[in-house]
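As the structure is a prediction and not an experimental result, all values here were calculated from the model. The first residue in the sequence is number 1, and the count goes up from there.
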Amino acid sequence: MTTTNRLLKILVALLFIGTLAAFFALGGQRYLTLDTLQQNRDALLQFTQQHYWQALLMAVAVYTAATAISVPGAVLLSLATGFLFGRWVGTGVIVISATSGAALVFLAARYLFADAMRAKLGGKLRDMSEGFARDAFSYLLFLRLVPLFPFWLVNLAPAFTGIRLSTYVAATAIGIIPGAFVFANLGQSLGRIQSTAQLVSPETLAALALLGVLALVPVLAKKLMRQKAGKESS
């Protein structure tokens with residue numbers, strides 16, 4: 001590794017770490033609460049109505065940055081986006097912003113840590129990477145649709161595999177559409193929401209789980225076809 005490359009990696013790492021540290025040091029977490037959002041709903045709505053395109057660009061920038069540095073509060077940002085821009089535009093803003101932020105995390109993690117991880121884990125990572133890469137779109141789509149793991153972890157882990165950026169972006173964008181629509185739609189009833197615990201019903205979770213299972217159907221079909229082909233050739 002050249003000195004220039006090493007310095008660039010240090011700068012990129014400091015940018016992510018410094019931004020996240022500044023967020024907490026300046027008390028940013030105090031603003032990402034349901035109470036704060038409800039208390040300022042009228043002022044936010046008035047600003048959006050008077051400066052629509054400026055507010056739209058600000059929403060995309062804030063949501064993208066929050067996703068990129070893995071700030072806790074995606075649910076609140078999604079609700080606010082749905083409240084300010086409606087279910088359809090809000091869904092678009094969430095999908096574009098979350099996908100862009102996830103892509104930044106993916107690129108940074110691959111640039112900073114992928115070589116070191118491959119050198120440390122060797123064959124284990126290569127085997128896992130090859131298995132994931134064969135059906136990367138379906139696997140990642142499942143992980144996006146079914147909220148089994150934290151969003152930041154699903155953003156980060158694929159960077160250490162052989163998945164292409166284009167596949168990662170496509171699966172991420174498609175996979176988060178259902179959840180984005182749910183929260184953008186809920187954002188329109190912001191005044192009636194008293195707790196984040198009441199946001200997602202068991203029926204919604206079950207529907208997302210079913211979509212996740214359907215995403216794995218191509219993987220299972222390929223495995224069955226390979227097994228059948230193996231039996232016929234033996």
Validation row: Leu140, Thr172 side chains within 4.5 angstrom (heavy atoms): yes
Pairs where residues 84-105 contributes a residue and the test ring-ring contact (aromatic ring centres under 6.0 Å, His included) is met, not counting sequence neighbours: Tyr52-Phe85, Trp88-Phe181
Backbone N/O of Ile96 and side chain of Ser100: donor-acceptor pair under 3.5 Å: yes
Interatomic spacing from CG in Asn185 to OG1 in Thr91 - rounded to 0.5 Å: 7.5 Å
Single-linkage hydrophobic cluster Leu145~Val95, side-chain heavy atoms < 4.5 angstrom: no
Taking every non-hydrogen atom, the tightest pair across Ala59 and Val93: CB-CG1, 4.3 Å
Test item: Leu56 and Val89 side chains (from C-beta on) under 4.5 Å apart, heavy atoms: yes
Gap between atom CD of Gln46 and atom NE2 of His51 - 0.5 Å precision: 8.5 Å
Qualifying residues under side-chain contact (heavy atoms from CB on, under 4.5 Å), relative to Phe151, sequence neighbours excluded: Thr67, Ala98, Arg144, Asn155, Ile176
By side-chain contact (heavy atoms from CB on, under 4.5 Å) - contacts of Leu44 (at least two apart): Leu37, Asn40, Leu84
For Ile17, all residues meeting side-chain contact (heavy atoms from CB on, under 4.5 Å), sequence neighbours excluded: none
Nearest heavy-atom neighbours spanning Tyr63 and Ala74: OH-O, 3.6 Å
Over all atoms of both residues, closest heavy-atom pair of Pro158 and Leu153: CD-O, 4.3 Å
Hydrophobic cluster (4.5 angstrom, side-chain heavy atoms) - remaining members for Phe47: Met58
Which atom of Val169 lies closest to which atom of Ala103, heavy atoms considered: CG2-CB, 4.2 Å
Any side-chain heavy-atom pair of Val75 and Ser78 under 4.5 Å: no
Hydrophobic cluster membership, Leu15 vs Leu107, 4.5 Å side-chain cutoff: no
Option from Phe106, Phe137, Tyr139 for which side chain to side chain contact (heavy atoms under 4.5 Å, CB included) with Ile163 holds: Phe106
In one Ile/Leu/Val/Met/Phe/Trp/Tyr side-chain cluster, 4.5 Å: Phe142, Ile177: no
In one Ile/Leu/Val/Met/Phe/Trp/Tyr side-chain cluster, 4.5 Å: Val62, Phe23: yes
Heavy-atom closest pair, residues Leu77 and Ala66: CD1-CB, 3.6 Å
Ser97 side-chain N/O to Ile94 backbone N/O, donor-acceptor pair under 3.5 Å: no
Shortest non-hydrogen contact between Ala109 and Ala159, atoms and distance: CB-CB, 3.7 Å
Pro72: partners by side-chain contact (heavy atoms from CB on, under 4.5 Å), with sequence neighbours left out: Phe24
Flag side-chain contact, heavy atom, 4.5 Å: Arg87 against Val182: no
Joint hydrophobic cluster, Leu112 plus Leu104, side-chain heavy atoms closer than 4.5 Å: no
Backbone of Ala102 reached by a side-chain donor or acceptor of Tyr168 within 3.5 Å: yes
